[in-house]
Amino acid sequence: MDKASDFKIGHILIKAPNLKEAVERFEQLGFTVTMGSIPSKATNAMIYFENGSFIELYTVPVEGTKKKMVLKLLNVVKLFSPAKASRYINYVGTKEGMNDFALDCVKENSFGLMLESLNKRDFPVTKAIPMKRIDVKNCQIKWQMSFSRDARLPFFMDQYVPKVKLEKNQFTHKNGAKSIKELIISVDDYDYFIKNYQKLTSNFVEENEKSIFYFGDSSVLIEKGDKFQMKTLQLNGTISRNLPCEETYGTQIKLIKEEVVI
């Protein structure tokens with residue numbers, strides 16, 4: 001496999017305490033939001049871009065005693081399935097904001113081979129996990145996913161079956177957002193993360209205390225910091241604008257005006 005072209009950034013996850021409120025907030029910021037399933041049952045919603053990538057707003061509908069019970073159960077599951085349980089502990093236990101992202105397999109019918117290749121590169125991942133959901137049009141969508149052993153590293157997605165067909169109004173945003181440009185992640189163990197990301201793509205640039213890894217038309221910038229933090233999400237757009245963090249659950253989202261190539 002050509003490591004430079006195995007993946008693209010598929011979607012970015014942002015956790016919110018209340019999905020209805022999150023949808024309203026992001027719509028007020030100029031995004032078009034599509035519910036993940038029937039609104040009365042939905043726990044997630046998507047901000048799609050034309051190339052199929054998206055931002056996922058999601059909520060975990062457990063609080064208080066139920067949340068504590070779920071976390072205890074997940075810690076038991078962690079003994080038998082550490083990669084999967086650690087990821088869900090992250091989803092349930094962390095505060096609101098941007099906390100995960102997926103790399104999508106770009107080649108059809110090659111997900112199993114991709115996972116095998118990752119394990120051979122000493123990048124441990126789980127076996128393919130079958131998933132399904134009913135979308136907002138009441139149609140069933142299936143896909144496969146796989147988790148990294150370390151929940152701070154990305155997880156992996158196969159292509160949807162059937163493929164999600166987007167209408168133009170779903171990826172047209174009033175604020176001019178066009179696509180995912182770059183995800184900036186601050187890390188405390190810089191060498192560890194650089195070593196792992198180099199196993200995911202051969203297309204990268206190392207600079208002073210930061211490195212940029214390219215996945216398709218988007219990139220992940222890893223920079224030295226005091227702790228692990230998914231810090232900033234940059235989007236290509238028709239204008240440059242910083243969105244207010246208080247409206248995006250603490251997530252720094254920046255729209256960067258695309259350069260016109262003549």
Side-chain angles (χ1 to χ4, degrees), residues 1-15 51 53 55-56 78 82-91 93-95 97-107 110-111 113-128 145-158 179-236 250-254 256:
M1 279 189 186
D2 178 4
K3 291 195 290 182
S5 60
D6 280 353
F7 311 108
K8 67 175 184 178
I9 294 180
H11 68 283
I12 312 288
L13 281 75
I14 297 178
K15 182 180 179 180
N51 64 2
S53 63
I55 299 170
E56 178 181 353
K78 190 175 180 180
K84 185 176 181 180
S86 294
R87 192 72 56 165
Y88 282 100
I89 287 171
N90 179 48
Y91 296 154
T94 57
K95 297 180 180 179
M98 181 167 60
N99 64 4
D100 206 356
F101 77 104
L103 290 177
D104 287 5
C105 181
V106 299
K107 299 177 182 177
S110 64
F111 193 63
L113 291 174
M114 183 201 75
L115 299 184
E116 183 180 334
S117 176
L118 285 171
N119 281 308
K120 287 180 178 178
R121 298 176 205 169
D122 194 27
F123 191 103
V125 292
T126 65
K127 293 181 180 180
M145 63 193 304
S146 174
F147 295 122
S148 309
R149 181 178 293 175
D150 188 334
R152 299 172 300 173
L153 296 170
F155 64 99
F156 302 90
M157 291 271 293
D158 196 4
S179 61
I180 295 171
K181 179 179 177 66
E182 187 168 72
L183 175 62
I184 300 174
I185 303 175
S186 177
V187 300
D188 49 354
D189 192 348
Y190 182 76
D191 292 340
Y192 166 80
F193 282 92
I194 297 306
K195 180 181 178 180
N196 277 284
Y197 272 86
Q198 287 177 350
K199 297 173 185 176
L200 300 177
T201 177
S202 58
N203 188 3
F204 61 89
V205 177
E206 292 187 79
E207 299 179 7
N208 185 31
E209 298 191 339
K210 67 178 181 180
S211 294
I212 303 173
F213 297 86
Y214 294 93
F215 299 100
D217 296 329
S218 307
S219 59
V220 177
L221 187 154
I222 304 296
E223 64 179 17
K224 286 187 178 181
D226 297 326
K227 62 179 181 179
F228 176 84
Q229 180 185 10
M230 292 185 65
K231 189 175 178 181
T232 305
L233 174 58
Q234 294 185 354
L235 305 175
N236 291 308
T251 302
Q252 292 184 15
I253 300 179
K254 297 182 178 182
I256 310 296

* Determine, step by step, whether F156 and F7 satisfy the ring-ring contact (aromatic ring centres under 6.0 Å, His included) criterion, reporting the C-alpha distance in whole Å, the side-chain angles of both residues, the deciding distance to 0.1 Å, and the verdict. => CA-CA 9 Å; F156 302 90; F7 311 108; 5.3 Å; yes
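When all heavy atoms of L183 and I12 are compared, the pair lying nearest together is CD2-CD1, 4.1 Å. The two residues T94 and K15 make their nearest non-hydrogen contact at O-NZ, 2.6 Å. In terms of heavy atoms, V106 sits closest to K8 at CG1-N, 3.7 Å. R87 and F147 make their closest contact through CG-CE2, 3.5 Å (heavy atoms, listed as atom of the first residue, atom of the second, distance).
Of the possible donor and acceptor atoms, none in the side chain of D6 sits under 3.5 Å from a partner among the backbone N and O of T201. In terms of modelled atom types and a separation under 3.5 Å, the side chain of S186 and the main chain of Q229 share no donor-acceptor contact. With hydrogens and angles ignored, the 3.5 Å screen pairs no side-chain donor or acceptor of N90 with any backbone N or O of S86. Between the side chain of K199 and the main chain of D122, a donor-acceptor pair closer than 3.5 Å is present. The backbone N or O of V125 lies less than 3.5 Å from no partner atom in the side chain of S146, so there is not a single donor-acceptor pair. Under the 3.5 Å distance criterion, the side-chain polar atoms of R149 are left unmatched by any main-chain donor or acceptor of P124. For Y190 (side chain) and K210 (main-chain N/O), a donor-acceptor pair under 3.5 Å exists by modelled atom type.
Residues forming a salt bridge (charged side-chain N to carboxylate O under 4.0 Å, His left out) with E206 (at least two apart in sequence, or on another chain): none. For the side-chain contact (heavy atoms from CB on, under 4.5 Å) test, no residue two or more places apart in sequence or in another chain qualifies with K127. Residues passing the salt bridge (charged side-chain N to carboxylate O under 4.0 Å, His left out) test with K95, sequence neighbours excluded: none. Considering only residues two or more places apart in sequence or on other chains, D226 meets the salt bridge (charged side-chain N to carboxylate O under 4.0 Å, His left out) condition with none of them. Remark: N51 pairs with F49, S53, S179 by the side-chain contact (heavy atoms from CB on, under 4.5 Å) rule, at least two apart or across chains. E223 meets the salt bridge (charged side-chain N to carboxylate O under 4.0 Å, His left out) test with K231; sequence neighbours excluded.
No more than 12 heavy atoms of other residues, nucleotides or ligands sit less than 6.0 Å from atom NZ of K181. Counting heavy-atom neighbours within 6.0 Å of D217 CG, excluding the residue itself, gives a total of 12 or less.
The shortest side-chain heavy-atom distance between I9 and L103 falls under the 4.5 Å cut-off. Within the 4.5 Å cutoff, side-chain heavy atoms of I55 are placed close to those of L233.
Each of F204, F213, F228 was checked for a ring pair (Phe, Tyr, Trp, His ring centres under 6.0 Å) with F193, and the lone residue meeting it is F228. Exactly one residue among L200, D104, D100, I185 makes a side chain to side chain contact (heavy atoms under 4.5 Å, CB included) with P154. That residue is L200.
A distance of 10.5 Å separates CD in E182 from NZ in K254, rounded to the nearest 0.5 Å.
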